[in-house]
Amino acid sequence: MNDGKTRERTQELPMVEMQQEEFKALQNQISALTQQLSIAQAIAIKEKSRSEELSNLVNRMQADFDNYRKRVNETNKRLKEDGMCVVLEKLIPQLDVLMQAIKTITDEKVAEGVKMIYRQLNDLLTLFGVEEIHAIGEQFDPNLHNAVMNVKTNDPKKVNMVVEVFNKGYKLGDRVLRHSVVKVAN
């Protein structure tokens, strides 16, 4: 009987050695896989960092482009307004010419035609947003008025007040196209 157990043990020994070898092989595979996993995790962290860097770069570029677009739009708007102002500044003296013509023309039909042209030109300026600068009875404002004469006044309420307009002034929004040429009380 002893012999049977020894034989059984002898047969079990190669199996145990085989299982130990398989166990070592599995341990080596696990070790290799763990090493590969560590490398993959390091690569993933590096790629995530790179991805965030690229994402930040894209966001900065988008913001830069938006700022560029806004600047270009503002520049275009300003250039359009500047060009419009140049044209309007050239048209305004024509109103003065037409007004002088209306005052000097004696033929009523011709005067009526010139008045119609004056009104149309005035309406055109209004359509573009041009406003007349009100001056008579207003306080003198060097930003809006150009004083070419002074007149003495005894009324303290009228000091520094516009008493006569020689040429009407016009503005487009906050931009003065032509200052009112005025006489000021002092």
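Along the sequence shown, residues carry numbers from 1. Remember, it's a predicted structure, so these values are computed and weren't measured experimentally.
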Nearest 0.5 angstrom please: E52 CD to E47 CD, how far? 12.0 Å
Would a 4.5 Å heavy-atom cut-off, applied to side chains only, mark V165 and V181 as touching? no
So if you build clusters from Ile, Leu, Val, Met, Phe, Trp, Tyr with side-chain heavy-atom gaps below 4.5 Å, do I117 and L95 land together? yes
Scan for salt bridge (Lys or Arg N to Asp or Glu O under 4.0 Å) pairs involving residues 169-186, sequence neighbours excluded, and state none if there are none. D82-R175, D96-R178, E164-K183
Mind listing the closest non-hydrogen atom pair of V159 and T153 along with its distance? CG2-CG2, 4.1 Å
Linking I/L/V/M/F/W/Y whenever any side-chain heavy atoms sit under 4.5 Å apart, do V110 and L121 land together? yes
Side chain S49, main chain I45, donor-acceptor under 3.5 Å: no
Has N154 got more than 12 heavy atoms of other residues, nucleotides or ligands less than 6.0 Å from its CG? no
I'd like a table of donor-acceptor pairs (distance under 3.5 Å, sequence neighbours excluded) in which one partner is a side-chain atom from residues 125-152, with atom names and distances.
| residue | atom | partner | partner atom | Å |
| --- | --- | --- | --- | --- |
| T126 | OG1 | N122 | O | 3.0 |
| D141 | OD1 | N143 | N | 2.9 |
| D141 | OD1 | N143 | ND2 | 3.3 |
| H145 | ND1 | D141 | N | 3.0 |
| H145 | ND1 | D141 | O | 3.4 |

Heavy-atom side-chain proximity of Q29 to L26 below 4.5 angstrom: yes
A side-chain contact here means heavy atoms from C-beta on lying under 4.5 Å apart; do L37 and Q41 qualify? yes
Is it the case that the side chain of S180 and the backbone of V182 share a donor-acceptor pair, with hydrogens and angles ignored and the cut-off at 3.5 Å? no
Hey, what do you get for CG (L79) to CE (M84), rounding to the nearest 0.5 Å? 13.0 Å
Gap between atom CD of Q62 and atom CG of L57 - 0.5 Å precision: 11.5 Å
Is the count of non-hydrogen atoms from other residues, nucleotides or ligands lying under 6.0 Å from Q27 atom CD greater than 12? yes
Are the side chains of E74 and R71 in contact, using a 4.5 Å heavy-atom criterion? no
CG on N73 to CZ on R69, rounded to 0.5 Å: 6.5 Å
Do Y170 and V87 belong to the same hydrophobic cluster, where Ile, Leu, Val, Met, Phe, Trp and Tyr are linked whenever their side-chain heavy atoms lie under 4.5 Å apart, directly or via other members? yes
Would you say the side chain of D64 lies within less than 4.5 Å of the side chain of Y68, judging by non-hydrogen atoms? no
